[in-house]
Amino acid sequence: MTPVIGGLAINLALGLAFVSIILHFFYLRNGDGRLFLSGQRAALAVSLLSILATLILAQLLITSNFDVDYVAHYTSLETPFIYKITALWAGQSGSLLFWLFTLSVYAVITILQNQRSQHKIMPWVMIVMTTVQLFFLILINYVSNPFIPTEADFVVANGLGLNPLLQNITMAFHPPMLYLGYVGFTIPFSFSIAAMAERDMNALWMRTVRQWLLFVWLMLSIGIILGGWWAYQELGWGGYWAWDPVENASFMPWLTGTALLHSIIIQEKKDMLKVWNMALIIITFTLCIFGTFLTRSGVMSSVHSFTASSLGPIFLGFVFLILVVSFLLLFNRKSFLQSEKRIESFTSRESGFLFNNVVFIVMCFAVFWGTIFPVISEAVRGTKITVGAPFFNQVNIPIGLVLLLLTGVGPLLVWRRTSNQSFIRNFTTPIVMGLVSALVLYIFNIRGYVLISFSLSAFVLTTIGFEFFRGIRSRMTSQKENPIIAFWRLIRKNRSRYGGYIVHIGIVLMFVGFTGHSFDSEKEFGLKKGDSEHLSGYSFTLYNVREEERPNHYAYIADMIVADAFGKSIVKLHPEKRIYFHRNPNPERRQPHSELDIYSTIKQDIYSIFNSIDLENEVAYLKIMINPLVNWVWYGGYLFVLGTLVALWPPRKEKS
Amino acid sequence: MNSKNKFYFAISGVIVVVIFWIWWASSNPADEQALVTFLSVEELIDEDHSDRVRLGGLVAEGSIHLDNNNYLSCQFELKEGDYILPVHYTGARPDLFKDGAEVIIEGIYVNGLFEADILQTKCASRYEGDLRDENSYNLDEVSI
């Protein structure tokens with residue numbers, strides 16, 4: 001019975017979405033307030049029905065209702081409770097419904113928050129949001145419906161079960177975060193289209209859009225970082241970023257979104273660059289839809305994509321529609337958006353921001369180019385080319401280093417024009433610091449990108465340190481505060497600026513972590529019980545192999561002792577070789593899986609994988625990797641989140 | 001030149017440089033794995049390819065032979081359509097590598113033998129295929 005209600009809910013939502021859009025259009029034509037109210041209520045109903053449908057699917061998954069094809073495909077009775085819920089976004093139709101769910105939650109918040117305060121542009125905001133919902137409702141109703149019943153002429157006693165790779169706790173957070181980010185860009189996009197349509201872009205609009213941008217950008221960032229963390233913990237190739245098409249799909253809107261976060265500051269402070277910002281919002285939102293298309297259509301084969309489906313052309317059509325309509329509108333409203341002001345000087349903060357924007361955009365273009373190159377090459381020349389990680393690294397490392405440099409330069413530039421004296425005053429110490437680190441690294445025989453990256457990191461950290469130092473010192477003299485209070489109040493008085501600096505420190509730490517990658521080493525070997533192998537001054541001794549049966553798999557566990565060059569044991573590692581669905585009488589259905597074990601320190605990670613086991617000869621085949629500085633990426637990630645939260649935290653309400 | 005023009009000049013300069021850089025990197029890959037051509041087995045055998053290529057196909061039934069001395073080394077036959085290609089691979093084999101598995105390999109074709117150094121399996125059919133028949137699973141054995 002419940003699957004039927006779920007199906008009905010998405011049916012009804014589809015109809016109401018049409019109704020809502022039409023009501024809003026009628027209101028815009030004749031201004032009858034009742035039409036506006038009904039339109040908004042219809043939009044609210046669309047969202048609530050979509051949320052209801054998602055909750056029903058979740059309930060079907062939890063109760064293992066195998067009459068529903070989706071439930072039978074992605075869960076089984078043995079699937080642990082938490083993964084029955086995460087199965088909601090494990091398959092194509094479920095993840096489309098989850099997209100809609102996220103958008104619907106956002107839509108409800110948008111309606112409740114802005115219905116009165118932004119009365120003038122709300123009809124357009126809801127028209128845009130509901131149109132996006134409509135698109136997903138059409139997909140869910142007619143192309144990929146999660147509520148279709150199982151096609152079997154027998155009672156399905158058990159489902160197929162969830163892919164073991166997805167049975168990792170990160171899977172409970174990484175996709176929802178990514179969705180909150182992806183989907184969330186619909187809000188700034190809707191507000192921008194609405195502002196352009198109504199020719200109304202006031203201070204409240206600015207505040208709303210900026211806060212939402214920051215929030216959804218944070219979600220997208222966390223989603224991306226968690227994705228890397230999952231890949232590192234679960235996929236067992238020792239890295240966190242492979243330039244997989246789907247990783248790129250999330251990285252591209254992140255790049256344009258980050259550019260936007262910077263350039264919108266110029267709009268806020270100087271009322272400039274509005275055309276550019278609108279274009280960036282449109283591009284970022286389009287990239288989000290394009291990313292969903294890459295992930296969900298199967299046009300690219302990757303860890304994330306599902307089987308080929310008819311989704312491709314529909315998605316591309318939608319992407320095309322968004323681009324055409326939005327840019328036509330932008331072109332039409334050019335005179336409304338244009339500003340009288342011009343950038344005055346080359347060495348101004350404005351121009352620094354603009355350079356940062358250009359570099360972000362070209363990096364996005366480089367990623368885009370590499371991602372779609374195989375498709376273009378096949379269409380144009382008929383040869384399939386695969387673009388591997390080395391290509392992306394080759395192209396993007398220099399661009400990334402330029403961005404790192406700008407992270408240091410930007411904050412030291414002054415609005416409008418930086419005088420020569422202040423230029424020299426601000427840059428001398430950081431440049432000296434950068435050069436000193438370069439020299440030291442050179443002496444230690446470090447060259448190339450590694451040298452550049454580490455010295456730039458020193459340069460940027462010095463500039464940011466200086467910014468904090470200057471701010472604290474001036475508060476200490478003018479307000480007579482002690483350093484800690486001065487530090488605290490400095491941040492509190494100007495959250496977005498100092499929050500931004502904290503994010504920049506996080507980025508620098510991440511760059512240090514990325515750079516550590518060039519010192520990686522690895523070795524594969526087979527060991528009998530009691531034997532040892534050596535890598536990078538460490539010895540690895542296999543002292544036992546255990547077997548253990550657990551509820552949803554059977555595990556072989558390799559017990560290893562890691563010792564340093566002096567023979568002192570450091571840690572025990574226990575990588576596992578698991579067989580999932582081990583009780584299935586059909587061996588074809590059983591699935592092996594390697595669960596790795598990592599010893600992680602600030603200096604390096606010792607990463608161990610149990611590749612396979614030869615039961616006859618009692619040999620365990622293992623792979624060890626030494627990955628320096630990986631932890632810095634995650635530490636940088638924490639600071640990154642902290643900094644964004646500081647910037648995002650609403651200021652205390654002024655007492656009037 | 002006034003500062004506005006200087007500014008646009010600089011921005012255009014940056015864009016031109018980067019586009020040139022991307023173009024240059026596309027035609028001069030730093031690493032042999034950066035850009036690899038994907039071929040069918042038929043194309044590989046018919047045409048003369050000495051460069052690094054990528055192939056896809058099925059592992060022929062019963063063709064997997066593990067090296068007795070080196071566990072990381074193995075031979076198998078890749079089947080695509082009517083064409084069969086002998087492959088030698090060294091490295092850790094993925095979990096799902098077995099007879100009939102759909103694989104992607106990358107390497108160099110030398111004297112009738114394909115020396116692969118990358119071996120990837122496609123996702124198991126279990127998540128995409130039909131539900132199993134009702135007798136294949138004995139529910140009494142399942143511990144929940």
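The figures that follow rest on heavy atoms only: side chains count, while hydrogens, waters and symmetry mates do not. This structure is a prediction, so every number in the text was calculated from the model and none was measured. Below, chains carry the letters A, B, ... as their sequence lines are ordered, and counting in each starts from 1.
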If we ignore hydrogens and angles and just use 3.5 Å, is the side chain of [X] paired with the main-chain N or O of [Y] as donor and acceptor?
X	Y	value
N357(A)	F353(A)	yes
Q167(A)	L162(A)	yes
N158(A)	S76(A)	no
R349(A)	L413(A)	yes
S594(A)	I609(A)	no
E32(B)	R52(B)	no

- prompt: Using a heavy-atom distance cut-off of less than 4.5 Å, which residues of residues 35-42 of chain B contact chain A?
  reply: L35(B), V36(B), T37(B), F38(B)
message: Quick check on the structure: residues of residues 75-91 of chain B within a heavy-atom distance below 4.5 Å of chain A, by number.
response: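 Heavy-atom contacts from residues 75-91 of chain B to chain A are G91(B).
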Assign the ring pair [X] / [Y] to parallel, tilted or perpendicular, where the plane angle (0 to 90°) is split at 30° and 60°.
X	Y	result
W24(B)	W21(B)	parallel
H593(A)	Y580(A)	perpendicular
F365(A)	W369(A)	parallel

Contact class of [X] relative to chain B, heavy atoms under 4.5 angstrom:
X	result
I361(A)	neither
V362(A)	both
S351(A)	both
P80(A)	neither

message: Counting heavy-atom pairs closer than 4.5 Å to chain B, which one of T79(A), V387(A), N393(A) comes out on top?
response: V387(A)
Return the [atom1] to [atom2] distance between [X] and [Y], rounded to the nearest 0.5 Å.
X	Y	atom1	atom2	result
C74(B)	D67(B)	SG	CG	9.0 Å
R578(A)	F610(A)	CZ	CZ	12.5 Å
L66(B)	R93(B)	CG	CZ	4.5 Å

task: State which residues pass side chain to side chain donor-acceptor pair (under 3.5 Å) with S377(A); sequence neighbours excluded, sorted by chain then number.
output: none
- request: With side-chain hydrogen bond (donor to acceptor under 3.5 Å, both in side chains) as the test, would you mind laying out the steps for E43(B) and H49(B) before giving the verdict?
  value: CA-CA 9 Å; E43(B) 283 168 317; H49(B) 283 278; over 6 Å; no
- prompt: Contact part of N28(B) toward chain A, heavy-atom cut-off under 4.5 Å: side chain, backbone, both or neither?
  reply: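 For N28(B), the backbone is the part near chain A, not the side chain.
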- prompt: Should E106(B) and Q33(B) be marked as a side-chain contact (heavy atoms from CB on, under 4.5 Å) after you check the CA-CA gap, both sets of side-chain angles, and the distance that decides it?
  reply: CA-CA 9 Å; E106(B) 205 176 294; Q33(B) 293 181 18; 4.1 Å; yes
- prompt: Counting a contact as any heavy-atom pair under 4.5 Å apart, which residues of residues 614-621 of chain A contact chain B?
  reply: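 D614(A), Y621(A) fall under the 4.5 Å cut-off.
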query: Do V359(A) and I399(A) touch side chain to side chain, with heavy atoms closer than 4.5 Å?
result: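 When only atoms from C-beta onward are counted, I399(A) and V359(A) do touch, with a gap below 4.5 Å.
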